[in-house]
Protein chains: 2
Amino acid sequence: MGVTIKEVAKAAGVAPSTVSRVIADHPRISPATKKRVKKAMKEMGYHPNANARNLANRSTQSLGVVMPSSADKALQNPFFPEVLRGISAVAHEMDYSILLCTGETDEQMLEAVERMVYSNRTDGIILLYSQVNDPIMAFLIEQNFPFVVVGKPSERVDEITHVDNDNVRAGKEITNHLIEIGHECIAFIGGSTDRIVTIDRMKGYESALEEAGLPYLDEYRIHTEFLKSGGRQAVHELFSLPQPPTGLVIADDLMSIGVVNMLEELGMHVPEDISIVSFNNVYLSEITRPPLTTVDIHIHGLGSQAAKCLIEKVKNKEEPAKRIIVPFDIKYRSSTQEKEAPTEV
Amino acid sequence: MGVTIKEVAKAAGVAPSTVSRVIADHPRISPATKKRVKKAMKEMGYHPNANARNLANRSTQSLGVVMPSSADKALQNPFFPEVLRGISAVAHEMDYSILLCTGETDEQMLEAVERMVYSNRTDGIILLYSQVNDPIMAFLIEQNFPFVVVGKPSERVDEITHVDNDNVRAGKEITNHLIEIGHECIAFIGGSTDRIVTIDRMKGYESALEEAGLPYLDEYRIHTEFLKSGGRQAVHELFSLPQPPTGLVIADDLMSIGVVNMLEELGMHVPEDISIVSFNNVYLSEITRPPLTTVDIHIHGLGSQAAKCLIEKVKNKEEPAKRIIVPFDIKYRSSTQEKEAPTEV
DNA sequence: GTGAAAGCGCTAACAG
DNA sequence: CTGTTAGCGCTTTCAC
């Protein structure tokens, strides 16, 4: 194994505790010894053993990150690498490591999280999703274990630290954009209503329609897991309505890409026949055809803020719950187009 | 903190060492005490402290996973979540945790890896990419630290355990497909030639052309970082050649999506005017327009095999270097189309 | 089969 | 300012 603190101490002619103090950058230590010890450390290639440190400190200097279960196709969403980047950036800066947690099924996920917590492998946890009735969140709360969620918790919103966008407002603004450019029949397509993010974005959509006095039929709201078979059917029905929509608010860029393709197959063109807006602004939304008008939610920022909050919380158990709202902005691209006034004969 | 081994020992009326033996499922222990201890553990909600265990064992029960630096847009490639799933599956099964390692710049990455290794945070490392002159790999070799690479190392191929597809053969087969359906002018578009995967796929492409006696001009090979500005230019030039290609072999699905869109903008249709094949079979390649004919490289398998190899290597330092080739298969979809014989007048 | 005791490598009082 | 000492929670000889 590597060099230990004792060996360094001996080499520098001091006690191990002194070396420890140098490592911790303790104030009350003479510059002379400090220098001497540092020199010895360098010469001997000393690096503190994280395990031993953590044992002595009862900490782990690591953050657990829980992704959604991989049963979920959504895991392939570029959202995740991006949010990981954000987390990683501040984790690295603050000298924390990242412990990843996935699993095939929900039970496996819970089990993995339990193990992490019980065996003291992590100081705190970041939940990368938020859904109703989440057993993992319930477990964390019950254990009073530090965690933050990226997104909005489904309940006890004020007691749980979370980092989110104002998805309701974002939903409203992006829908308003569609309204402003002349659309009156606007439908919403989102994933499962178990996901809070879907709900919020839809709320925004509804409130925009309401304020504008536009119709929002039940038939205008589609919730489909992730395209494919079921989704196709739903979209098909949407456009078989007597009054088919001319604008679509879609809860996620990836979904948009699927929908655009589906529409084109059905002989409808985006944006000529139908305008589409969505959320996230993943890299793909720029290079797809047409490039998507979408809400840039600043994924990286969500990640970095979450890490920051969690670290604060870990360092100070009494840190009050807080809510961080990461601003968004809208990227206007060519999936939307002015709706010409209906040709009245 | 939690319950300790001592408390369990006291409750069960045995010595701590006995409890330890029960945890480790030591053979020489009477069924009676074993049962008694287990009962106590359960009742008290005992869970071993990973840190203490690892310190005593000089191990960490965790695997480090190194992603490419996030400077790389490619990080948003769904390849990563998917390969993580694979790693995760076996890690979980074998009771290892996953330590993630990213960084904004290459230096930051190296630094992060060094810290992981020096501070004994991980037992072994999986490199999720392979490129020439990689300082991280050099470091790992120099330290004689256990690692495996997903992909093919740029050098010392027989000394480094790696998990890869036979990318040369895959490149050849997929190119042959294009040839079989009548294409004769086939170009290759790939990312940086620093990445081994690009090189191998291109070799396959070349060898297919050669065997078929088809031309492979220098102008038919494009290496572009990741579309956008530079890429557009290159593609544009490709189709300004006196003999523009009718088939395209593209090194990555995501790139294909960009290229398809670019072509459509230029007024060319896939597959009517030009056929496209690529690699990876990420989820998107099914839902894009048109769905892509692509090599399914079994990303999940790459991940799980890598984890398996690494764990073997970690458990047995003497484990010889090995190479695991994960099979691939081709998904035929509608980005390719028979090329009608040139209309000879 | 089980217990006592000595560590794993580091930190943190408590003295001085 | 620095050394001594006693752990952190678990494993592992070595006895019995």
Side-chain angles (χ1 to χ4, degrees), chain A residues 1-38 40-41 44-62 95 115-123 315, chain B residues 1-38 40-41 44-62 95 115-123 315:
Chain A
M1 297 249 39
V3 189
T4 76
I5 205 173
K6 274 190 185 170
E7 305 176 287
V8 176
K10 188 181 292 179
V14 297
S17 48
T18 304
V19 179
S20 175
R21 287 184 185 104
V22 173
I23 296 170
D25 208 24
H26 194 98
R28 285 188 319 207
I29 197 144
S30 82
T33 34
K34 189 169 190 167
K35 202 173 140 202
R36 197 148 38 91
V37 171
K38 284 214 162 161
M41 298 201 302
M44 311 177 69
Y46 170 76
H47 295 272
N49 176 314
N51 250 323
R53 267 193 114 169
N54 294 337
L55 179 58
N57 287 330
R58 282 167 211 72
S59 94
T60 67
Q61 288 292 105
S62 78
D95 261 323
R115 275 197 7 222
M116 259 183 153
V117 171
Y118 284 142
S119 62
N120 266 274
R121 279 182 170 288
T122 180
D123 293 342
K315 290 199 170 159
Chain B
M1 298 256 29
V3 190
T4 75
I5 205 172
K6 273 190 184 170
E7 305 174 289
V8 176
K10 190 182 289 180
V14 297
S17 48
T18 304
V19 179
S20 174
R21 289 189 182 100
V22 172
I23 296 170
D25 210 24
H26 194 99
R28 286 188 317 206
I29 198 144
S30 83
T33 34
K34 189 169 191 167
K35 201 171 141 202
R36 198 148 36 91
V37 171
K38 284 213 163 164
M41 298 200 301
M44 311 177 69
Y46 170 76
H47 294 272
N49 176 313
N51 249 323
R53 267 193 114 172
N54 295 337
L55 178 58
N57 287 328
R58 282 166 215 72
S59 94
T60 67
Q61 289 290 104
S62 78
D95 261 322
R115 276 199 4 225
M116 261 183 151
V117 170
Y118 284 141
S119 63
N120 266 274
R121 281 184 169 286
T122 180
D123 293 343
K315 291 199 169 157

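No hydrogens, no waters, no symmetry mates; every other heavy atom, side chains included, goes into these values. Just so you know, these numbers come straight off a predicted model, no measurement behind them. Note on naming: letters A, B, ... go to the chains in the order of the sequence lines (proteins, then strands), and numbering restarts at 1 for each one.
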Asks: Starting at the 5' end of DNA chain D, which residue's closest nucleotide do you reach first, B/A56 or A/P27?
Replies: A/P27
Asks: Would you indicate, yes or no, if D/dG9 has its OP1 or OP2 atom less than 4.0 angstrom from a side-chain nitrogen or oxygen of A/N54?
Replies: no
Asks: Residues two or more places apart in sequence or in another chain: which of them pass salt bridge (Lys or Arg N to Asp or Glu O under 4.0 Å) with B/K34?
Replies: B/D25
Asks: For A/K35, give me all partners under salt bridge (Lys or Arg N to Asp or Glu O under 4.0 Å), at least two apart in sequence or on another chain.
Replies: none
Asks: Grab the CD1-C1' distance between A/I5 and D/dT2 for me, whole Å please.
Replies: 14 Å
Asks: Using a cut-off of strictly less than 4.0 Å, decide whether A/T33 has a side-chain nitrogen or oxygen near OP1 or OP2 of D/dC1.
Replies: no
Asks: Let me see the working for B/N54 and B/T60 under side chain to side chain donor-acceptor pair (under 3.5 Å), right down to the final yes or no.
Replies: CA-CA 5 Å; B/N54 295 337; B/T60 67; 5.8 Å; no
Asks: Do you know the tightest heavy-atom contact between A/I23 and A/P48?
Replies: CG2-CG, 4.3 Å
Asks: Does anything in residues 14-22 of chain A come within less than 4.0 Å of DNA chain D? Heavy atoms only, and list the residues if so.
Replies: A/V14, A/A15, A/S17, A/T18, A/R21
Asks: Quantified as the angle between the terminal helix axes (five pairs each), what is the overall bend of the helix from C/dG1-D/dC16 to C/dG16-D/dC1 to 10 degrees?
Replies: 40°
Asks: Could you report the tightest heavy-atom contact between B/M44 and B/A11, atom names first, then the distance?
Replies: SD-CB, 3.6 Å
Asks: From CD of A/E7 over to C1' of C/dC10, roughly how many Å is that when rounded to an integer?
Replies: 13 Å
Asks: Name the nucleic acid region contacted by B/R53, choosing base, sugar-phosphate or nothing; use a 4.0 angstrom heavy-atom cut-off, strictly under.
Replies: sugar-phosphate
Asks: Would you mind reading off the distance between B/M44 atom CE and D/dG9 atom C1', rounded to a whole angstrom?
Replies: 14 Å
Asks: Please list, chain by chain and in numerical order, all residues satisfying side chain to side chain contact (heavy atoms under 4.5 Å, CB included) with B/T18, sequence neighbours excluded.
Replies: B/V14, B/A15, B/R21, B/I29
Asks: If you compare every side-chain N and O of B/T4 against the phosphate oxygens of D/dC8 (OP1, OP2), does one of them come in below 4.0 Å?
Replies: no
Asks: Would you indicate whether the side-chain heavy atoms of A/N120 and B/N51 approach each other to under 4.5 Å?
Replies: no
Asks: In whole Å, I'd like the distance from the NE2 atom of B/H47 to the C1' atom of D/dC10.
Replies: 16 Å
Asks: Below the 4.0 Å mark, does C/dC8 have OP1 or OP2 next to a side-chain nitrogen or oxygen of B/N51?
Replies: no
Asks: For DNA chain C, whose closest nucleotide is more 5', that of B/L55 or that of B/P31?
Replies: B/P31
Asks: Rounding to a whole Å, what distance do you find between A/R28:CZ and D/dG3:P?
Replies: 14 Å
Asks: Restricting to side-chain hydrogen bond (donor to acceptor under 3.5 Å, both in side chains), what partner residues turn up for B/S59, sequence neighbours left out?
Replies: none
Asks: B/Y118 OH to C/dG9 C1': how many Å, rounded?
Replies: 19 Å
Asks: Let me know the distance between NZ of B/K6 and C1' of C/dA6, rounded to the nearest Å.
Replies: 13 Å
Asks: Taking atom P of C/dA13 as reference, at what distance in whole Å does atom CG of A/N57 sit?
Replies: 11 Å
